[in-house]
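When a residue number appears, it is its place in the shown sequence, counting from 1.
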Amino acid sequence: RILIYGPPGIGKTTLAAEFPNPVFLQTEDGTPAGTEIVSFGHLQSYRNVMQAIGELYEQPHDFKTVVIDSVSALQKLIFVEACERGDDKGNRKKNIEDFGYGKGYVYARNIIMEFIEAINLLRNHRGMSVVLIAHSKIERFDDPESVSYDRYAIDMHDKLVGEIEREMDA
């Protein structure tokens with residue numbers, strides 16, 4: 001599993017297109033000019049993403065790499081899915097913050113773990129490489145032992161980034 005992140009236009013998608021026989025799960029619209037990809041098209045819901053992963057797992061194909069472009073956009077789909085599923089009593093919410101006290105992110109974490117489990121099945125049972133593309137944001141880093149500086153970070157909610165990073169290290 002590989003995570004590629006950076007600012008727009010730096011070549012993340014173009015680089016991912018160079019992996020062995022890739023198929024793209026596009027959670028946002030657009031492909032760089034001159035880059036040809038095989039794709040499931042613009043997947044506009046979490047369920048569409050999971051259906052595409054299910055097809056890659058169950059159907060015969062020659063793809064060797066699955067590229068999720070982008071996990072930053074996937075995060076929004078996961079938040080929508082968490083709101084649609086609702087709380088423990090099935091009460092749906094309009095916004096991830098409507099759960100209160102950060103609980104919406106706990107529900108979203110459960111959904112991202114489903115996603116990670118699904119891509120791990122592609123990797124472990126189908127032998128596919130997994131490339132995750134993310135946008136970056138610039139964060140200030142205040143180091144008490146040196147000069148403060150700005151750095152690039154993955155543009156996702158910190159709790160979800162932590163789950164992805166832990167899984168990538170596993």
Taking Phe24 as the starting point, is it possible to reach Ile4 by hopping between hydrophobic residues whose side chains are less than 4.5 Å apart? yes

How about Tyr46 and Glu114: does a side-chain donor come under 3.5 Å of a side-chain acceptor? yes

Mutual orientation of the aromatic rings belonging to Phe141 and Tyr149 [parallel < 30°, tilted 30-60°, perpendicular > 60°]: tilted

May I ask you to test the Asp87-Lys103 pair for a side-chain heavy-atom distance under 4.5 Å? no

Ignoring hydrogens and geometry beyond distance, is a side-chain donor-acceptor pair present between Arg1 and Asn120 at under 3.5 Å? yes

Hey, quick one: are Ile10 and Ile133 part of the same hydrophobic cluster, counting side-chain heavy atoms closer than 4.5 Å, chains of contacts allowed? no

With the threshold set at 4.0 Å, does a side-chain nitrogen-carboxylate oxygen contact exist between Glu81 and Arg47? yes

Verify the cluster assignment for Ile111 and Val80: are they in a single hydrophobic cluster under the rule of side-chain heavy atoms below 4.5 Å apart? no

Short side-chain to backbone donor-acceptor contact, Lys12 and Gly6, under 3.5 Å: yes

Contact check, side chains of Val67 and Val23, non-hydrogen atoms, under 4.5 Å: no

Under a 3.5 Å distance rule, please check whether His61 uses its side chain to pair with a backbone N or O of Leu56 as donor and acceptor. yes

Specify the closest pair of heavy atoms between Tyr152 and Tyr5, including all atoms of both residues, with the distance to one decimal. O-OH, 3.9 Å

Close side-chain approach of Gln51 and Leu43, heavy atoms under 4.5 Å: no

Checking the side chain of Asp69 only, and the main-chain atoms of Glu28 only, is there a donor and an acceptor separated by less than 3.5 Å? no

Are Val49 and Met113 grouped together when hydrophobic residues (ILVMFWY) are joined by side-chain heavy atoms under 4.5 angstrom apart? yes

Please check if the side chain of Ser72 supplies one atom and the backbone of His135 the other of a donor-acceptor pair under 3.5 Å. yes

Does a side-chain N-to-carboxylate-O contact under 4.0 Å join Asp142 and Arg140? yes

Is the gap between the ring centers of Tyr107 and Phe99 under 6.0 Å? yes

